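Quick notes on the structure that follows.
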Amino acid sequence: MQPKYFEVTFSGLGGKGVLTLGQILAEAGMQLFKHVSYFPNYSPAMRGGESECTVIFSDNPIASPLTFNPAHAVVMDPASFTTFEMRLKPGGIIFCDDSVISAKGERNDIEVFHVPASEKAIELGDLQVANMVLLGAYIGKVESVPVGMLERAVTKRFQGTRRESLLELNKKAVREGNLLARKP
Amino acid sequence: MQPKYFEVTFSGLGGKGVLTLGQILAEAGMQLFKHVSYFPNYSPAMRGGESECTVIFSDNPIASPLTFNPAHAVVMDPASFTTFEMRLKPGGIIFCDDSVISAKGERNDIEVFHVPASEKAIELGDLQVANMVLLGAYIGKVESVPVGMLERAVTKRFQGTRRESLLELNKKAVREGNLLARKP
Amino acid sequence: MSTSEQKKVLVCGKPELRTGFPSLYCPGCHYGIITRVICEVLEELKLGGKAIGFAGVGCSFGGAPISIGIDWASCPHGRAPAMASAAKRIHPDALVFTLQGDGDLGAIGLGCFLSAVLRNENLTTIFLNNAGYGQTGGQLAPTTLTGMKTTTTQQGRRREDGFPFHGAELAAYHKAVAYSARVTVHTPGNFKKAKRVLTTAFQKQMSGAGYSFVEFISACPSVWGMSPVDSVAYIQEHMLKEFPLGEFKNIDSIYD
Amino acid sequence: MSTSEQKKVLVCGKPELRTGFPSLYCPGCHYGIITRVICEVLEELKLGGKAIGFAGVGCSFGGAPISIGIDWASCPHGRAPAMASAAKRIHPDALVFTLQGDGDLGAIGLGCFLSAVLRNENLTTIFLNNAGYGQTGGQLAPTTLTGMKTTTTQQGRRREDGFPFHGAELAAYHKAVAYSARVTVHTPGNFKKAKRVLTTAFQKQMSGAGYSFVEFISACPSVWGMSPVDSVAYIQEHMLKEFPLGEFKNIDSIYD
Amino acid sequence: MTKGEIIILDDTCKGCALCVEYCPKGCIQISRDKFTRSGALLPEFINPEECVACGTCGNMCPDFAIEVYKFIDESE
Amino acid sequence: MTKGEIIILDDTCKGCALCVEYCPKGCIQISRDKFTRSGALLPEFINPEECVACGTCGNMCPDFAIEVYKFIDESE
Amino acid sequence: MADRMFMTGNEAVARGAIAGGCRYFFGYPITPQNDIPEFMSREMPKVGGVFVQSESEVSSIYMVYGGALAGARVMTSTSSPGLALMQEGISYTAEIEAPCVVVNVSRMSPGIGTGGQAGQTDYRMVVKGGGQGGYHCIVLAPWSGQEIYEQMQLAFHLADKYRILCFVLSDYVLGQMAEAVELKELTFEELPDKFWALKGTDKKDGLRYMHTVGWLNYGGVISWHEALLKKFKRIEENEVRYEATHTDDAELLLVSYGSTARTCAKAIEMARAEGMKVGLFRPITLWPYPEAALREAALKAKQVLCVEDSNGQMKEDVDLAVRAQVPVHYLGLWARNSDQPNGLIFPERVFEEIRRLL
Amino acid sequence: MADRMFMTGNEAVARGAIAGGCRYFFGYPITPQNDIPEFMSREMPKVGGVFVQSESEVSSIYMVYGGALAGARVMTSTSSPGLALMQEGISYTAEIEAPCVVVNVSRMSPGIGTGGQAGQTDYRMVVKGGGQGGYHCIVLAPWSGQEIYEQMQLAFHLADKYRILCFVLSDYVLGQMAEAVELKELTFEELPDKFWALKGTDKKDGLRYMHTVGWLNYGGVISWHEALLKKFKRIEENEVRYEATHTDDAELLLVSYGSTARTCAKAIEMARAEGMKVGLFRPITLWPYPEAALREAALKAKQVLCVEDSNGQMKEDVDLAVRAQVPVHYLGLWARNSDQPNGLIFPERVFEEIRRLL
Ligand SMILES: Cc1ncc(C[n+]2csc(CCOP(=O)(O)OP(=O)(O)O)c2C)c(N)n1
Ligand SMILES: Cc1ncc(C[n+]2csc(CCOP(=O)(O)OP(=O)(O)O)c2C)c(N)n1
Ligand code: SF4
Ligand code: SF4
Ligand code: SF4
Ligand code: SF4
Ligand code: SF4
Ligand code: SF4
Ligand SMILES: [Mg+2]
Ligand SMILES: [Mg+2]
């Protein structure tokens, strides 16, 4: 059985694909939860700046799509790690790409989940899918939606677009990430 | 001795020169009274419409340059006559160009002073100076400023302008109007 | 010649589209003559019932709608082309035109007009060039002649006030304009030519040729400080030197 | 040839006027190359201390002031020429120029720009033509090529979206413009030409010749959706077909 | 024989005198004593015999204040 | 003998690869493992011997990320 | 039940407009609402409509004005500086009573502000009327994708019903956030024909129409303004909308609109979970303002906290309602989590403030 | 004693500006203030200044903005629709804190209104801020030629002192009416150099200046707004101006500004002559609004009558001050003597209302 409420914030530098992660996750959650919200925060007028997005799944109406202290965070750059290590709810989990984030964290009341996302992505042949590796890992651990649903959302995202050729690679990255999380 | 307060409204159709009358009168009064106000009301965006202006002389500060019920009015067209006959203060005087205004008035508590202004102007050679005849007559009767001062104000108005050639005619019209008022 | 009966026929009266309202214009203002040109051309083309006019801010803001009996909107200063663009997109079969003064089109509305042209709007613009701001009492307009005195160039228009603005030529310069001409109504012959030109302009719109533009040189006796008769002479002697008459462009379609 | 000592000399580095701030532009954006052109020309003319730039809304709004170390104001969308006009009237000895995108100058600011020209302002305008709205993410600009896809013309620019806007030619058309040219920086040779052209433009202003105008064709890899290298090829193959390079006007004074 | 006739509508005429200027036959003249609504002097049709009903005065009157009539021989 | 040298400033380079494109001598190449600040791949100066210190790469770098040096014979 | 669709607030604007019968969109790019014109440029032709990219917001509003007079359901959307440029035109639509819809996806101001991120600083421009004055526009302030979708339809109806400009006031947060929206098509009372529309064809009644000046339409200046006031009165009597939740036992009343009201709702959830008696009063129409209802709710509670991502805009209307009878606190943009443009007011911060006050 | 000169209110604007050091005037014709640019076009060159006729009010405000950044004392004047077009620009001057003066000779609105006659409908646009929000401008509201002449000088001083846009709000009646004005040149405290001015020459401190975005100047969005709020606070503390006459024993307090306050003054003369205890409270700064002083005066009197040639604009600020503690009546444009554009509110009509209320 799924619990009734999930919240996660993805954070990283523009161009790294964190907003995409949120959109795909939200899409996947739509089938399973009565209420889903997605909120991206970035500088529309500046490329390459910090961006983050929050996805909430709930069976009750979502009062606000914003949360300052999420239970889960997926971070792709060192600054985001520092920020979300601070902001995370006690008992929360922070997922980080440990290929690029060396900090290990100070808090004892949260779990830091290390994913060698960039390494894995390079291994898969394209650094650009590091985000998908992280997403797969996140879902593997938190299990808010089944990985199959996530893959279908990935398919929906890429199919029929200019970037359809990247679909399989992205799905593979999700699966590999998922495995990384399930392993331990 | 001059009383301390005069108010007069000039009214007529645009192009007839009622605003000029007010400006000249105000200019003349400047020498004699501590306080002078002039307020013209016309449609800046439409030519030939109704226009009026009010001049107030006073030795005390003038609370407002507007008065709905002036003591004196000088009117140059029939509609203005009707309007100001109604608006005049009891005991007031309305000066009208009886060459163009045939109405004789209904009120008993005001004086209607008839001036054959247009007739006199045509006699002087130019219908355009009918306004000056009326001004002269008004001053002849009300004596708020000496006619000499008024003439100096007329001179100031025309001297050095494109219309300087009309100065003498205008001064003459003022004098003739003045005589018309003094006669009885 | 027999001494037969004679019939009295009206050869020139009020056009049907001319409403019964007296004009709001000053005595001798050529806007009144242009009113006739517009009415007669619309009637001859049978477009009175299909026309929507957009009058700019200036003397024709109220003046044109009140006197020409078609659908009208009076437009905020300079914005007639934007309003007309929307109307034409919504009613593509209507004849949609703007009527704009030289301040309205050449100053505040220059960008709005050229942008309508740049969007390939299928409109007609009637441009009233009286070399000044009539409605507000005679300030400098983009079209004011060099050296001409206005209330804001009291020593005459100088270098640093710019050169006179040429609407018809600028319109013709643009690829999206199918037709552009400059006319006057200061002589009976020019009055007739003006009618022909405006007819062509409206036809261009109805055939989808592209933007059409007609500039009228128009006397403004009040602001020029001249009698109506002297104003006519001023047009001949001064205005036409700076603003030559003629068709500057006449093509069948801008898309060829 | 002796085996004498060798000295290492800097032949190309950061121009002095280039501040230490990293640019705000996307990777491969030609605005960065144009930044060098501007810095080097100002330095060569020794005008860095006399220059006031007015940057329009667009990618160079903050991008230019941050990277070029002269006096600057960033301007509301389209209004740089009005702000520059005032500054130049107040400081006639300064070198005052505007730096405006194609949306900024060709759309919202078209009237403001042409009116500055019509007032005979003694300014220089640097016009950045990247065929789209960079800052807002790739919408149709007046300069967008026919058929080119943008986020608001997703099937490609059509007839009813208008023909591409030609800034340099339109500027040259105006009597008050003394100098107008179109350049690119997409090859080293064109980079050098661009410097010569901008030098001339600034000199025209300083000699009071009249308005001067330089249009830069500039690659926008982000919005064009191409790599920086492909964008260079796109300029050569597509942009230059619609927008020919060259000087369109070069006169000594507009007052002769 | 008179070919034309004009009627000047004194309630709309503004006294601009353009008709006087434009009539090729000198048929119109400004009066000395008749006034328009706004107080200007009215034009008068003074040479009916000369009028050729060309319509010029009517066309050129900015205030639509002239009606021009032509006399047509019915037998023609 | 080497005529020129370039220094690529890896803190400002954005990895656009224009320098690679413009170098007439093929002296520059995108690396496979060095990254720019924002995570793109950095260019490398691979053929120092060929460099003629023409300055092109420096001029054309939008990010002022290349310094070009020329070796000048002191005795000349 | 109608279909549900996951969409951003900006997309809800566009889809809601189409559901509301809008077929003509005139607009100019500006962050953070570019996806609205982009969507419209793609979708309008599919529903037989027209999208025109204007050359500026000044032109946008005049295209809207012209289109409204031509009888169509027309709209534009923009963000703060763009809306400022429309003020003259908005005043003209009020004069001639041209029905139309304007969406403002507001961003931080003044000036260029943050270039397109969160901010609710436009309250006065939108609600008090930033153009040459003497008029009102209806202002709807949705707080969710669903409300946006429905209020867009309502906006077109109200605009036509009262011949007035109807604003929908969104913001960066609402525009960006995505939620599931039920594609509910609202039905409204039938409205009379736009007999006054300019079509360039002979009207049913054979009359031509001209729209020149407002006062002439009513015979005089006073009559015109009296007619406007009467209309405004009718709207004030019939169209006030608000939502009051948890106000019955509230000892602290939060007043907030738009995305910030969502933030407050979450903060209230947190506070209620800890037993604090907090309620929310959310004006849905900012004009007409639910003054009486707010006063009632405020007097019942012991104190009021107005929350707005701004520096003191709506507070004036709250003060007008409350009349200094209970204290009114204000939590403004300084409650953001960061000084940088991407700062936001989070529910946790509002909760903190609630705790401080109770 | 300084010379006295008979002049209209519009001429007093121009002469006062020159006395206040204004040397650059940028403006566009619009009734009823055309005599201001006309005067300036003639006189500016004589005092070594420059007059530029802009192509529109949008450009006027940006010329003013550019001129202000160039370090000069600059101004424009306009009337209602023209001011609406300046709203975006006004907001930009607030962002970058560019000191300048804008005169609004208001006319009846909305839309084209009466084309240039009496009206005070612009209160909200001027006082509440019609542009993208979060800012204030100082608003001076003179009621005589003398005050206009002096306030123009004050306006330039305050603008420079606080780096803010200062409005002088005149109207048709004030602009047209002529009175004797004493040509008094005011002296003010010395102000520091405009070190930040763009001159295209190396600065004393060797730095170049750039004016790009407000928040960067202060390091962040919150910091920027806090700095603005602090400045606004300083102005509220130091620059409130008003005049209270006959308020000591008043049983009815008239509240009015600008030309209408003159009308009220005369009505009060008439009422006092008949023994009625009426006083006048005249805000001279409309922002900052003399709220506390007004509340005090209002509470002392038994009731308040707000008089304005409008349909309910300033009333909100009066209500905010009075807090419903005494009744506030309103006499608006329907008190005009005529329905036609040339209608006016006369002293006699206000007197009638006073009699009705007492
Ligand atoms: C926004 C705005 N600015 C200014 C005005 C004032 N105004 C009314 S008419 C006019 C100028 C008209 O000149 P032009 O366009 O040449 O028309 P004309 O009166 O000469 O026919 C101006 C500036 C206005 N109504 N609205
Ligand atoms: C009044 C106003 N409208 C719209 C915008 C939004 N905006 C910012 S940049 C821009 C377009 C920029 O395009 P362009 O001028 O071509 O410059 P580029 O970014 O391509 O260099 C727009 C519309 C704005 N800031 N202000
Ligand atoms: S001011 Fe000039 S253009 Fe206007 S109506 Fe009078 S004559 Fe005609
Ligand atoms: S969006 Fe285009 S113009 Fe703007 S910085 Fe990026 S590449 Fe350059
Ligand atoms: S042209 Fe017309 S208006 Fe002028 S004088 Fe003749 S009849 Fe009268
Ligand atoms: S119709 Fe011709 S001839 Fe007859 S009066 Fe008129 S202009 Fe003269
Ligand atoms: S051109 Fe400059 S920014 Fe681009 S890759 Fe080369 S060094 Fe880096
Ligand atoms: S200086 Fe010239 S040769 Fe040397 S690397 Fe750069 S472009 Fe190549
Ligand atoms: Mg004109
Ligand atoms: Mg661009």
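The structure displayed is predicted, hence computed values, not measured ones. Residue numbers begin at 1 in each chain, while the letters A, B, ... track the order of the sequences.
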Portion of [X] that has a non-hydrogen atom of chain D nearer than 4.5 angstrom:
X: H:E95; value: neither
X: H:A197; value: backbone
X: H:E55; value: both

Measure distances from [X] to the heavy atoms of chain H and classify the residue's part below 4.5 Å as side chain, backbone, both or neither.
X: D:R119; result: side chain
X: D:L47; result: neither
X: D:L114; result: neither
X: D:I90; result: both
X: D:A51; result: backbone

### Query
So, the side chain of D:H91 versus the backbone of H:A70: is there a donor-acceptor pair under 3.5 Å, distance only?
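Pair found, side chain donor or acceptor close to backbone of H:A70.
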
### Task
Report the option among H:I61, H:V52, H:L216, H:V213 that has the most heavy-atom pairs separated by less than 4.5 Å from atoms of chain D.
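Most heavy-atom pairs under 4.5 Å with chain D: H:V52.
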
Looking at [X], I want to see if its [atom1] is surrounded by more than 12 non-hydrogen atoms of other residues, nucleotides or ligands under 6.0 Å.
X: D:E43; atom1: CD; result: yes
X: H:E190; atom1: CD; result: no
X: D:F21; atom1: CZ; result: no

#### Entry: For D:R79, the option from H:Y65, H:Y62, H:Y92 that meets side-chain contact (heavy atoms from CB on, under 4.5 Å)
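Answer to the side-chain contact (heavy atoms from CB on, under 4.5 Å) test with D:R79 among H:Y65, H:Y62, H:Y92: H:Y62.
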
### Query
Are the side chains of H:L198 and D:W72 in touch, meaning some heavy atoms are under 4.5 Å apart?
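Contact flag for H:L198/D:W72 side chains = no.
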
Over all heavy atoms of both residues, which pair between [X] and [Y] is shortest? Give the atoms and the distance, please.
X: D:G62; Y: H:T212; value: CA-CG2, 3.9 Å
X: D:D71; Y: H:K199; value: OD2-N, 3.1 Å
X: H:S59; Y: D:C112; value: OG-SG, 3.7 Å

### Straight-line distance of H:R208 CZ to D:T19 OG1, nearest 0.5 Å
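H:R208 atom CZ to D:T19 atom OG1 measures 6.0 Å (nearest 0.5 Å).
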
### Task
Please determine, among D:G53, D:P76, D:P65, D:A86, the option with the most heavy-atom pairs under 4.5 Å with chain H.
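That would be D:P76.
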
